[in-house]
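It should be emphasised that the depicted structure is a prediction, and the values quoted were computed from it without experimental measurement.
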Amino acid sequence: MFHKAVIFSLGIFALTGCDAQKKAKTDSKTPPMTTSTTSNNQKNGIIYLSEGENKFLKEYQMNITFKGISEDSRCPEGVNCIWAGVALAQVEVMGTSTRPVLLNLASMDFANRNYHQSTDFNGYTITLQEVTPYPKAEGGTTALNGNYKIGISIKKAGAPSNTTTK
């Protein structure tokens, strides 16, 4: 009987320690998320989002979250490069009756690497219009982590547009 009590208490201590480690890992990874339901950050049909920001867009009945930049190979300012490079933004979208979908939107179309500036979701075409700030020669892209902002446009799918769609 005594052995069962000792084994049981050791098991409880082990599980408590695992739970504390999980909480410490999740707290350090994700940037703080902000939520907004208004479109006060919208100019000329472009919706602006900061890294980690979440917005519910009433006119499109969708929730959109800018998760972050997974790749930024854009040529830094003041440097001569062979090609301009591309920034790849991870944007999570979810309609009122759909599951969340993670979109990878690029700052320019590049078919060889399967990068697309626009994609269709729930009857709308979502296009990445801008990614700021631009990398600097001295700091590179690591100095920009957590400070990115994107501008996206959303149009009804099938509407005339000057960008290609996926």
Roughly how far, to the nearest 0.5 Å, is [atom2] of [Y] from [atom1] of [X]?
X: Met94; Y: Asn63; atom1: CE; atom2: CG; value: 5.0 Å
X: Glu71; Y: Arg113; atom1: CD; atom2: CZ; value: 5.0 Å
X: Lys55; Y: Ser50; atom1: NZ; atom2: OG; value: 8.0 Å
X: Thr96; Y: Met62; atom1: OG1; atom2: CE; value: 9.0 Å
X: Leu57; Y: Tyr124; atom1: CG; atom2: OH; value: 10.0 Å

Any donor-acceptor N/O pair, Asn114 side chain to His116 backbone, under 3.5 Å: no
Given the rule in the side-chain contact (heavy atoms from CB on, under 4.5 Å) test, do Tyr148 and Val131 qualify, once you have shown the distances and angles that lead to the verdict? CA-CA 7 Å; Tyr148 283 104; Val131 179; 4.0 Å; yes
What are the two closest non-hydrogen atoms of [X] and [Y], and how far apart are they?
X: Arg74; Y: Pro133; result: NH2-O, 3.0 Å
X: Leu128; Y: Leu105; result: CD2-O, 3.4 Å
X: Ile69; Y: Glu51; result: N-OE2, 4.0 Å
X: Trp83; Y: Met108; result: CZ3-CE, 4.3 Å

Measuring only between side-chain heavy atoms, which start at C-beta, is [X] closer than 4.5 Å to [Y]?
X: Phe121; Y: Thr98; answer: yes
X: Glu130; Y: Tyr48; answer: yes
X: Phe56; Y: Thr65; answer: no
X: Val86; Y: Asp72; answer: no
X: Ser107; Y: Tyr115; answer: no

Side-chain ion pair, Lys67 and Glu53, N-O less than 4.0 Å: no
Are Val101 and Leu49 connected in a single hydrophobic cluster, I mean Ile/Leu/Val/Met/Phe/Trp/Tyr linked by side-chain heavy atoms less than 4.5 Å apart? yes
Can you tell which of Leu103, Thr127, Asp109 makes a side chain to side chain contact (heavy atoms under 4.5 Å, CB included) with Ser118? Thr127
So, applying side chain to side chain contact (heavy atoms under 4.5 Å, CB included) with Val93, which one of Ile154, Ile64, Ile152, Thr119 is it? Ile64
Would you kindly say whether Asn122 and Tyr60 are connected by a side-chain donor-acceptor distance under 3.5 Å? no
